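Have a look at the structure below before the remarks.
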Amino acid sequence: MKSRSLVVRLAALAAALIVLALTLAGLGLATIFDRELDRRAESELSQIVRILAGQVTLDQNGAPIGNLALPDPRFSEPYSGVYWQVAPATGSHLRSRSLWDFELAVPSDASPGERRTIDLSGPNGSRLIAVTQTIAVSKGDRDGEAETPVQVTAALDRSDLASAQRSFRNLLVPSLVALGLCLSLAMWLFLRLALRPLQGLARGLQQIHLGKARALPGAFPTEVQPVVDDLNRLIAFQDAAAEKARARASDLAHGLKTPLAVLDALSRQAQGEGRTELSGAINEQTSLMQQQVNRALARARAGFVSALRRATMPAAPLVEKLAGALRRLPSERPLDWDVSVASGAVFAGDEADFMEMLGNVLDNARKWARGHIRFTVAMIGGATVFTVEDDGPGLEAEQAAQIERGRRWDETTPGTGFGLAITRDLVESYGGTLTLDRSPLGGLRVTLSIPAR
C-alpha cells in the first residue's frame, strides 16, 4: 500500500537516489582505482625492463652474462612477488633470485622492440602481471657481430595489487556510508525547509476548522500562493452563499407567517360560528404547515453547517444550561433528572445547533417520561456521545426506523416525529449518527454520536 504522506514519499525517493548514486560512485571509484593501480604497476615494470635491457650482454654462446643488479631487495628474496627474467633465443635464461627455480613461460610471438603487458602464471600457482620486451643484443664485444633477440620480462604478483584494492575498498565503504548519512541528514533538513510552507498552510486550515479564523493568513511562496488565494476565495464564497441561503429561508418563514395567521383567524371564526369540523381541519393543516416550515428552516441551517466553522467548546456548560431550562418548564407530573457529563467532553459545533438537537430530544423525553429522565455525555473514540433515556412508552422498532430514515412515523398526527427528524438532519450535517432503541428504563433511548473534531 502506497503511503499518502508527501514527506514519506519524498524521503523514500531521496533515500533510493542517494543509495543508487553512492553505489554507482563506489563502483566507479573502485574501477578507477583498479585501473590506476594496474597503470602504475605497468609503469614500474616498464622501468625495470628498461634498466635490465641496458645491462644485458651475451657471451659467445648467446647466454646472458653478468649479475644484473637492481636496487629493490625483493628481487633477492625467493618468491617475494617481484620477478625479472632475461631469456635469449638460445641458451640458458638469466632470472632474479626471487624466482628461485621457477621459469616464467613468456610467449615469444612479440615483434622486436615491442613492449607488451601480459598475464603470466607465477610460482606456487600465483597470477602475475608482466611487462615483456624483445631486444637485440650482440654476442661479445666485437662490432659487426650478428645481434641475437633477447626477451626481457619483469613481473609482479597480482595478490599485492589485490591487497591494495582490498585496503582501498575497506576505506571506501565506510566513507560512502558516512557520506550517505550526511546526505540523508541534508535531505531531511531540505525537506523540512521545503515543506514548511505546507505546514503553515495546514496550521491555517486548522485555525479555520476550529472557527478561529475565516481566511488563510500570511504570505506563501510563489508556487503555493495561488492555492492559498483560491482557498480564501472559496471560503469567502461559501460564507456568502450560506448567509444568502439563511436570509432566503428566513424571508420564506416570515412570508408564511401572515398566511398562517390568516388561516388561524379563519379557524377561530369558524369555531365561533359553530363549524367545529372545519375549524379542526384548518388547525390540523396549519400545525402541519408550521412544523414543515420549522423543519425546512432547520434543514436550511443544517445544509450549511461547514466543517470549516466548527469551534470546539466544553459540553458541560451547554448541558447545564439546557437541562436547567427544561427543568424549570411546567410538567403534568414530577420528573427525576439524572444528568452526567464526562470530564473533558466537548461539542464541536454551533451552540444554537446544540440547543436545537438536544433540546428536541430532551423535550421529547420530558413529554413522554413517567417520572425519570437520564442524560449522559461521554467521549468514545473520537466522538462525543449524548444519550437521553426516559421511562415512558417508547417507540416501536418500525417507528424508530422510519424516524432514523428521516421520515415522520405518523403522517396524520400533528407534532409527532418532527423534532427527532430535525435532530437527525442536524446530526448528519455534523457527520454524526442518531440511533433509537429501547432504554433499560423501559422507554426510548436516543443516542447522538457527533465527531469531537
Side-chain angles (χ1 to χ4, degrees), residues 30-142 145-171:
T31 301
I32 293 172
F33 180 79
D34 293 347
R35 291 183 177 179
E36 179 63 17
L37 200 62
D38 286 347
R39 189 194 65 79
R40 291 180 63 86
E42 292 173 12
S43 177
E44 180 181 353
L45 294 175
S46 296
Q47 182 66 22
I48 295 172
V49 167
R50 283 195 295 270
I51 295 174
L52 291 172
Q55 297 181 10
V56 172
T57 58
L58 301 178
D59 60 16
Q60 294 298 325
N61 297 322
I65 302 174
N67 184 15
L68 302 181
L70 291 173
D72 194 335
R74 291 179 296 172
F75 288 114
S76 301
E77 181 183 347
Y79 304 147
S80 64
V82 181
Y83 314 105
W84 61 261
Q85 177 177 284
V86 176
T90 59
S92 61
H93 296 177
L94 187 64
R95 54 182 180 267
S96 64
R97 185 176 179 82
S98 58
L99 277 174
W100 198 247
D101 58 352
F102 188 84
E103 184 176 306
L104 297 176
V106 183
S108 58
D109 55 352
S111 303
E114 179 186 0
R115 186 179 299 163
R116 296 187 303 160
T117 301
I118 59 176
D119 285 334
L120 297 176
S121 296
N124 299 323
S126 61
R127 297 297 302 169
L128 309 178
I129 177 174
V131 173
T132 181
Q133 182 178 9
T134 300
I135 61 174
V137 180
S138 300
K139 294 181 181 179
D141 297 330
R142 291 176 296 177
E145 186 74 25
E147 293 183 335
T148 302
V150 177
Q151 196 171 48
V152 181
T153 303
L156 176 66
D157 196 331
R158 282 197 174 273
S159 62
D160 293 343
L161 301 181
S163 177
Q165 291 168 347
R166 284 193 299 272
S167 298
F168 176 75
R169 288 182 173 85
N170 289 339
L171 293 175

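Bear in mind the structure is a predicted one, so any value in this text is a computation, not a measurement.
Ile129 CD1 to Asp38 CG: the interatomic distance, rounded to the nearest 0.5 Å, is 4.5 Å. Distance CD1/Ile48 to CZ/Phe75: 3.5 Å, rounded to 0.5 Å. Separation of atoms CG (Asp101) and CZ (Arg95) is listed at 7.0 Å; rounding is to 0.5 Å. Of the inter-residue distances, the one linking Leu104 atom CG with Tyr83 atom OH reads 8.5 Å to the nearest 0.5 angstrom. The line from CZ of Arg116 to CD of Gln133 is 11.0 Å long, rounded to the nearest 0.5 Å. Remark: Arg166 CZ to Leu161 CG distance equals 10.5 Å, nearest 0.5 Å.
Partner of Val49 under the side chain to side chain contact (heavy atoms under 4.5 Å, CB included) criterion, out of Thr132, Thr153, Ile135, Val152: Val152 alone.
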Any chance you could lay out the side chain to side chain contact (heavy atoms under 4.5 Å, CB included) test for Val131 and Gln47, step after step, and finish with the verdict?
CA-CA 10 Å; Val131 173; Gln47 182 66 22; over 6 Å; no
Hey, mind stepping through Glu42 and Arg39 against salt bridge (charged side-chain N to carboxylate O under 4.0 Å, His left out) and telling me if it holds?
CA-CA 5 Å; Glu42 292 173 12; Arg39 189 194 65 79; over 6 Å; no
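Minimum interatomic distance between Gly122 and Leu128 (heavy atoms only, all atoms of both residues): CA-CD1, 3.5 Å. Closest of all the heavy-atom pairs between Pro107 and Ile118 is CD-CD1, 3.9 Å. Across every non-hydrogen atom of Leu37 and Ala164, the tightest pair is CD2-CB, 3.9 Å. In terms of heavy-atom proximity, Ser46 sits nearest to Arg115 at OG-CD, 3.8 Å. The shortest non-hydrogen separation linking Thr134 to Pro149 is CG2-CB, 4.1 Å.
When the side-chain hydrogen bond (donor to acceptor under 3.5 Å, both in side chains) test is applied to Glu44, no partner is found at least two apart in sequence or on another chain. With sequence neighbours excluded, the residues satisfying side-chain hydrogen bond (donor to acceptor under 3.5 Å, both in side chains) with Asp157 are Ser159.
Side-chain atoms of Leu99 and Glu103, non-hydrogen and from C-beta on, never get closer than 4.5 Å to each other.
We find that Arg74 and Glu77 are not joined by a salt bridge, their nearest charged nitrogen and carboxylate oxygen being 4.0 Å or further apart.
Between the side chain of Ser98 and the backbone N or O of Val82, at least one donor-acceptor pair lies under 3.5 Å. Checking side-chain atoms of Ser96 against main-chain N and O of Trp84 turns up a donor-acceptor pair under 3.5 Å.
Heavy atoms of other residues, nucleotides or ligands lying less than 6.0 angstrom from CZ of Arg40 number 12 at most.
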